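Before any comments, here is the structure.
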Amino acid sequence: MWLSRSVTVSLLPSIAKFSPFLPMHNSLFCSHLHSQTSLHDDAVSQFNRLLHQRHVPSIFEFGKILGFLVRMKQYSTSISLIKQMEFKGILCDLANLNLLINCFCHLHKLAFAFSVFAKIFKRGYHPDAFTLNTLMRGLCDKGEVKEALNFHDKVVALGFPLDQYSYGILVNGLSKIGETEAAIELLRTIQRPSIVMYNIIIDSLLKEKHPTEAYDFYYEMVIKGIPLNLVNYNTLIYGFCLVGQVEVAFGFLNEMISNSIRPDVYTYNILIDVLCKERKLGEAKNVLGVMVKAYVKPNVVSFNALMNGYYALNKVRNAKQVFSAMTHMGVSPDVKTYGIMINGFIRNKRVDKAINLFQEMHDRNMVPDTVTYNTLIDGLCKIGRISHAWDLFREMRGRNRQANVITYSSLIDGLCKNQHLDKAIELLRKMRENGVQPDMYTVNILINGMCRGGRLKNAQEIFQDLLNKGHNPNIPTYNAMISGLCKEGLLDEALTLWSKMEDSGCLSNVITFEIIISALFKNGQTEKAEVFFHEMISRDLLK
DNA sequence: ACGATCGCTG
């Protein structure tokens, strides 16, 4: 019943004729830009004044400033101020030590965090739930969820206090490393799971494309009388858009509105994005108008999503209008804005313009993130400018940007397509050495590259390696191998592999059939080609 | 101290 398409969308028909692209004069939307830097400096000088006073101020005075700096995410500064404080002989209390642990965790310096943990005992304090939760979150953030669970077991055995947040942190940690099943198991051990825990599970299930299970958890909340809040609805709306059930998402939008929960900037941004992805740019732009009418201020994500939508349709002029509307409304472009524009120009075959924007980021003291580097590296590779791409790849390390599986895959693809097959294999070795595991994309790029370059042997080695490691090849993997075998005239082997593919439950797509049929025709095996052709038709693979 | 939105690889 919930899948009904007859959901009426109360929001969209009421869309105003308001043009979001006119400069705004409403004071509500003029941003009052606080300079974070000057606030930070003020806090530090205030701290130093306290530090040098004749009468030593109470520890709470320092604590207030430290708390402020942590809220401003100034972790390194907080750590150095605490060090100065202790150097002056002002000893931290438990709250300061907790704060220090928190700072080290945010900076992923867990060894330091745990040494502060030891200090808590040395000074005769007892860790509280905050201490333990912070350490568990620190472990989870680094992906060391198993360690967090072990830590949990230990502190429980020692009788230390945990609270409502503790299990939320662990459930979240498990979900974020893809262990949703384990997260659900953990949730099931809790008598009254919180709204947040339900949300974490529903979010993960939808991101892993399990809408039915996600719906079951939503239904469980309803049955148990747990009222859904704004974040729950945003998660459901986003997730159902993600699995392609946009009308269900709009159903949740209506449900939240009828429950008197007003959409916020997240809700509207999700709608803008999904409408852009459905190529309904007019409606996406209207949502921006609706949100302004509802006194919800669009943020950088709203504009980024809309701009990306226009770039996806190669509507560069409109995208530029969005950019100027955004600055008119006092919303500053961020790294992602630049990433979207760089990607837009590359899609538009204007790599030169993309490079200019990349340069502009330098001028604005913006450090491109991994995704931006990936975008440009891939764009350069695709037009054969491998050495330029390679320069950027090397530049990343110096700017503390981690190359990931996409970075390597793009470069490997570029190397393969420009006849540098040995270098491609060398880079595969290097990525593993650097702790980046190739995924199916990487493997398929390599197999394709080797086959096209006439190095079937290398392709077979990579394919065999995949099997040896217990991974399942996917359709593109089989297609690449089958095509490689056909190219070398090894039709029988190609057909044997095709049988194995089908037996393994990996069903051919239209490309598989095209490869096989054209190879059979080329080889004069017309009758066999026709058999495959009819099989393809009977499977309804022609659109 | 736990949850939600935008950009990158075949």
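Every chain is numbered from 1 and lettered A, B, ... according to where its sequence line falls, protein lines coming before strand lines. These numbers were taken from a predicted model, which means no experiment stands behind them.
Bracketed by its first and final contacts, the part of DNA chain B lying under 4.0 Å from non-hydrogen atoms of chain A reaches from dA1(B) to dG10(B) in 5' to 3' order.
Residues from residues 167-184 of chain A that place a heavy atom under 4.0 Å from any atom of DNA chain B, listed by number: Gly168(A), Ile169(A), Asn172(A), Lys176(A). At a non-hydrogen distance threshold of 4.0 Å, Asn102(A) from residues 100-108 of chain A come into contact with DNA chain B. Within residues 371-386 of chain A, the residues approaching DNA chain B are Val371(A), Thr372(A), Asn374(A), Thr375(A), Asp378(A), Lys382(A), by heavy-atom distance under 4.0 Å.
Among the heavy atoms of the strands lying under 4.0 Å from Ile195(A) is at least one base atom, whether or not backbone atoms are also near. When heavy atoms are screened at a 4.0 angstrom cut-off, Asp264(A) is found touching base atoms of the nucleic acid. In this structure, Asn229(A) reaches the bases: a heavy-atom distance under 4.0 Å links it to at least one base atom across the strands shown. Looking at heavy-atom distances under 4.0 Å, Asp163(A) makes contact with a base. At the heavy-atom level, Tyr165(A) lies under 4.0 Å from base atoms of the strands shown. Residue contacts shown for Asn98(A) are absent, as no nucleic acid heavy atom lies under 4.0 Å away.
The salt bridge (Lys or Arg N to Asp or Glu O under 4.0 Å) analysis of residues 129-138 of chain A, with sequence neighbours excluded, yields the pairs Arg137(A)-Asp141(A). Listed by first and then second residue, the salt bridge (Lys or Arg N to Asp or Glu O under 4.0 Å) pairs that reach into residues 165-185 of chain A come to none, sequence neighbours excluded.
Here the two rings, on Phe252(A) and Phe240(A), have centers that are under 6.0 Å apart. Residues Tyr373(A) and Phe358(A) bring their aromatic ring centres within 6.0 Å.
With no hydrogens or angles considered, no side-chain donor-acceptor pair links Tyr75(A) and Asn102(A) at under 3.5 Å. For the residue pair Ser175(A) and Asn172(A), no side-chain donor N or O sits within less than 3.5 Å of a side-chain acceptor on the partner. With hydrogens and angles left out, the side-chain atoms of Thr512(A) and Asn479(A) include a donor and acceptor closer than 3.5 Å.
Under the ring-ring contact (aromatic ring centres under 6.0 Å, His included) criterion, His388(A) pairs with no residue, sequence neighbours left out. For Phe104(A), the ring-ring contact (aromatic ring centres under 6.0 Å, His included) partners at least two apart in sequence or on another chain are Phe112(A). Applying the ring-ring contact (aromatic ring centres under 6.0 Å, His included) rule to His152(A) yields the partners Tyr167(A); only residues at least two apart in sequence or on another chain are considered. For the ring-ring contact (aromatic ring centres under 6.0 Å, His included) test, residues two or more places apart in sequence or in another chain that qualify with Phe117(A) are Phe121(A), Phe151(A).
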Show me, pair by pair, the donor-acceptor contacts under 3.5 angstrom made by side chains of residues 192-203 of chain A, not counting sequence neighbours?
unit_1, atom_1, unit_2, atom_2, d
Ser194(A), OG, Val196(A), N, 3.4
Ser194(A), OG, Met197(A), N, 3.2
Tyr198(A), OH, Glu220(A), OE2, 2.6
Tyr198(A), OH, Lys224(A), NZ, 3.3
Asn199(A), OD1, Asn232(A), ND2, 3.0
Asn199(A), OD1, Thr235(A), OG1, 3.0
Asn199(A), ND2, Thr235(A), OG1, 3.1
Asp203(A), OD1, Lys207(A), NZ, 3.2
Asp203(A), OD2, Lys207(A), NZ, 3.0

Could you list the donor-acceptor pairs under 3.5 angstrom formed by side chains in residues 333-341 of chain A, with sequence neighbours left out?
unit_1, atom_1, unit_2, atom_2, d
Asp334(A), OD1, Asn304(A), ND2, 3.3
Asp334(A), OD1, Lys336(A), N, 3.1
Asp334(A), OD1, Thr337(A), N, 2.8
Asp334(A), OD1, Thr337(A), OG1, 2.8
Thr337(A), OG1, Asn304(A), OD1, 2.8
Thr337(A), OG1, Asp334(A), N, 2.9
Thr337(A), OG1, Asp334(A), O, 3.4
Tyr338(A), OH, Glu360(A), OE2, 2.9
Tyr338(A), OH, Arg364(A), NE, 2.9

